[in-house]
Q: 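Take this structure, written in structure tokens, and hold onto it; I'll ask about it next.
This is a predicted model, so every value here is computed, not measured.
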Number of protein chains: 2
Amino acid sequence: MPIALRPIQALRLWQQVCLAEVRNDMPDLSERQIAILLTIYLDPPPHTVRGLAERLKVTKPVITRALDTMGALKLVSRHRDDHDRRNVLIRRTVEGALFVERFGDVIVARAEELPL
Amino acid sequence: MPIALRPIQALRLWQQVCLAEVRNDMPDLSERQIAILLTIYLDPPPHTVRGLAERLKVTKPVITRALDTMGALKLVSRHRDDHDRRNVLIRRTVEGALFVERFGDVIVARAEELPL
DNA sequence: CGAATTCGTTTCGGTCCCGTATCATTAAGC
DNA sequence: GCTTAATGATACGGGACCGAAACGAATTCG
């Protein structure tokens, strides 16, 4: 059975989750940054700048800058690939894993209290 | 019956929706902007700068700036309150309503194709 | 009336992000 | 070896945003 959501419930869920994030002073990430962060944490590695740029259909500097910012927030880290030293491998961090895990819990909690 | 989502499904849903928005060249809104936009479209009017600032627990300039940007995108509009001309009433627009409606449909569509 | 309060905006110095173009480094092809 | 290609980062001018403080306009209070 697929997840059945009506549009008004979907929008209400999105609102409640975003409100919760803002009110709890979480980093104010853009949709691009969230797409990158969740892709790194949900899709199987390895992750490269080029791969992420293709997956999001954006240019490489967009990925580089997002990694700069999220790296400063300790949500991701970068390391040179020893097999092909042109590559940069993007890796998860403990802080990032905790952030993503907590974020998932927030969504679940808000989904549970949605009106029908 | 409440909406039952497991954390991994919730995160996957968020990722798929953000990926869809980015890939479709939608405006790259931040969580703050989305929280403001959805509050305007889901909560009953009237909406004021002060009211939104309190609801999000942010300062008023944050709201003013977000309204500047989303106003340029035609997603919301501002009008002086004739009863108390200090107030600015934030109103919905046709473009904004279409954007929000489409966004809700994207969430629903991605929820339906979630793996169990 | 004048003073105090409220509302939204603006200013300030600073940071982040944009798209485009170019860069250095590394690897692969000949 | 030398040239070509690929990868990620950087420079550029411009725009958006930050928090804190000050601002003008409108209202309320005394």
Side-chain angles (χ1 to χ4, degrees), chain A residues 18-19 21-37 39-40 45-91 96 99, chain B residues 18-19 21-37 39-40 45-91 96 99:
Chain A
C18 287
L19 274 177
E21 292 295 295
V22 173
R23 292 166 72 91
N24 284 101
D25 265 319
M26 291 293 127
D28 186 33
L29 302 180
S30 68
E31 284 188 324
R32 285 179 173 188
Q33 292 172 324
I34 295 173
I36 294 170
L37 183 68
T39 295
I40 293 169
H47 298 288
T48 63
V49 173
R50 173 160 190 77
L52 290 170
E54 285 173 354
R55 186 128 167 70
L56 275 73
K57 288 209 287 196
V58 296
T59 59
K60 289 188 293 180
V62 167
I63 304 296
T64 294
R65 282 187 291 254
L67 294 179
D68 287 344
T69 301
M70 293 194 294
L73 293 171
K74 311 267 191 194
L75 297 177
V76 298
S77 66
R78 281 187 272 204
H79 307 271
R80 278 283 164 197
D81 181 355
D82 280 332
H83 295 23
D84 182 343
R85 298 190 57 75
R86 289 173 302 182
N87 287 335
V88 164
L89 302 179
I90 296 108
R91 293 218 291 254
F99 178 88
Chain B
C18 287
L19 274 177
E21 293 295 295
V22 173
R23 292 165 71 88
N24 284 100
D25 265 319
M26 291 293 129
D28 186 33
L29 303 179
S30 67
E31 283 188 325
R32 286 180 171 189
Q33 292 171 325
I34 294 173
I36 294 170
L37 184 68
T39 296
I40 292 169
H47 298 288
T48 64
V49 172
R50 174 161 188 75
L52 291 170
E54 285 173 354
R55 188 128 165 70
L56 275 73
K57 289 209 286 194
V58 296
T59 60
K60 290 187 293 178
V62 167
I63 305 295
T64 294
R65 282 186 291 253
L67 294 179
D68 286 345
T69 301
M70 294 195 292
L73 294 171
K74 311 269 192 194
L75 297 178
V76 298
S77 66
R78 281 187 273 205
H79 307 271
R80 277 283 163 197
D81 181 355
D82 280 332
H83 294 23
D84 182 342
R85 299 190 55 76
R86 288 173 302 183
N87 287 335
V88 163
L89 302 179
I90 296 107
R91 293 219 291 256
F99 178 87

Q: To the nearest Å, how far apart are B:Leu56 CG and C:dG8 P?
A: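 Atom-to-atom, B:Leu56 to C:dG8, this comes out as 14 Å.
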Q: Roughly how many Å is it from CG in B:Leu89 to C1' in C:dT9, rounded to a whole number?
A: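 Result: 16 Å.
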Q: Under 3.5 Å, is there a donor-acceptor pair between the side chain of A:Asn24 and the main chain of A:Met26?
A: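 The answer is no, because no donor-acceptor pair under 3.5 Å joins these two groups.
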Q: Considering heavy-atom distances to DNA chain C, does A:Gln33 or B:Thr64 have its closest nucleotide positioned more toward the 5' end?
A: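 Its nearest nucleotide lies further toward 5', so the answer is B:Thr64.
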Q: Tell me what B:Arg80 touches on the nucleic acid: a base, only sugar-phosphate, or nothing, going by heavy atoms under 4.0 Å.
A: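 Since no nucleic acid heavy atom lies under 4.0 Å of B:Arg80, the category is nothing.
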Q: Name the nucleic acid region contacted by A:Arg85, choosing base, sugar-phosphate or nothing; use a 4.0 angstrom heavy-atom cut-off, strictly under.
A: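 Sugar-phosphate, no base atom in range.
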Q: Nearest to the side chain of B:Arg65, heavy atoms from C-beta on, is which of D:dA20, C:dG8, D:dA6?
A: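 Among the listed nucleotides, the one closest to the side chain of B:Arg65 is D:dA20.
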Q: May I ask you to verify if any side-chain N or O of A:Asn87 is less than 4.0 angstrom from the OP1 or OP2 atom of C:dT26?
A: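 So the side-chain polar atoms of A:Asn87 never come under 4.0 Å of the phosphate oxygens OP1 or OP2 of C:dT26.
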Q: With side chain to side chain contact (heavy atoms under 4.5 Å, CB included) as the test, would you mind laying out the steps for B:Cys18 and B:Glu21 before giving the verdict?
A: CA-CA 5 Å; B:Cys18 287; B:Glu21 293 295 295; 5.7 Å; no
Q: Taking only side-chain nitrogens and oxygens of B:Arg32, does any of them come within less than 4.0 Å of OP1 or OP2 of D:dC18?
A: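 Result: yes.
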Q: Search all heavy atoms of A:Thr64 against all heavy atoms of A:Arg78 and return the closest pair with its distance.
A: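 Between these two residues, the closest heavy atoms are O-NH1, 3.7 Å.
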Q: Report which part of the nucleic acid B:Ser30 touches: base, sugar-phosphate, or nothing (heavy-atom distance under 4.0 Å, all strands).
A: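 No contact.
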Q: Can you find a donor-acceptor pair, distance only, under 3.5 Å between B:Arg78 side chain and C:dG8 base?
A: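 Such a pair does not exist between side chain and base.
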Q: Toward the 5' end of DNA chain D, which comes first, B:Asp82 or A:Val88, by nearest nucleotide?
A: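 By nearest-heavy-atom nucleotide position, the 5'-most residue is A:Val88.
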Q: Closest to the A:Lys60 side chain: D:dG8, C:dT26, C:dG8?
A: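 Of the options given, the side chain of A:Lys60 lies nearest D:dG8.
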Q: Whole angstrom is fine here: how far is it from CG in A:Leu52 over to C1' in D:dA9?
A: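 Computing the A:Leu52:CG to D:dA9:C1' distance gives 15 Å.
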Q: Answer yes or no: is there a donor N or O on one side and an acceptor on the other, between the side chain of A:Arg23 and the main chain of B:Lys57, under 3.5 Å?
A: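 No, because the side chain of A:Arg23 does not come within donor-acceptor range (under 3.5 Å) of the backbone of B:Lys57.
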Q: Which value, rounded to the nearest 0.5 Å, describes the distance between A:Leu67 atom CG and A:Gln33 atom CD?
A: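 The CD atom of A:Gln33 is 10.0 Å from CG of A:Leu67, to the nearest 0.5 Å.
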Q: Could you give the CD1-to-P distance, from B:Ile90 to C:dG8, as a whole number of Å?
A: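 Interatomic distance, CD1 of B:Ile90 to P of C:dG8: 7 Å.
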Q: May I ask you to say what B:Asp84 touches in the nucleic acid, namely base, sugar-phosphate or nothing, with a heavy-atom cut-off under 4.0 Å?
A: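 It contacts sugar-phosphate atoms only.
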Q: Tell me what B:Arg50 touches on the nucleic acid: a base, only sugar-phosphate, or nothing, going by heavy atoms under 4.0 Å.
A: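 B:Arg50: backbone/sugar contact only, no base atoms under 4.0 Å.
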Q: Measure from CG on A:Leu29 to P on C:dT15 and round the result to the nearest Å.
A: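 A:Leu29 atom CG is separated from C:dT15 atom P by 20 Å.
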Q: In whole angstroms, how far is the P atom of D:dG8 from the NE2 atom of A:His47?
A: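 Checked: the NE2 to P distance equals 13 Å.
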Q: Quick one: B:Asp68 CG to C:dT11 C1', roughly how many Å, whole number?
A: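 Value for this atom pair: 14 Å.
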Q: Whole angstrom is fine here: how far is it from CD in A:Glu54 over to C1' in D:dA6?
A: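 Rounded to the whole Å, the gap is 12 Å.
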Q: Of A:Val49, A:Thr48, A:Asp82, which meets side chain to side chain contact (heavy atoms under 4.5 Å, CB included) against A:Leu89?
A: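 Per the side chain to side chain contact (heavy atoms under 4.5 Å, CB included) rule, the option paired with A:Leu89 is A:Thr48, out of A:Val49, A:Thr48, A:Asp82.
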Q: Which listed nucleotide (D:dG19, C:dG8, C:dT20) is nearest to the side chain of B:Val62?
A: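 Nearest nucleotide to the side chain: D:dG19.
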Q: Nearest to the side chain of A:Pro61, which nucleotide is it out of D:dT10, D:dG19, D:dA26?
A: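 Between D:dT10, D:dG19, D:dA26, the one nearest the side chain of A:Pro61 would be D:dT10.
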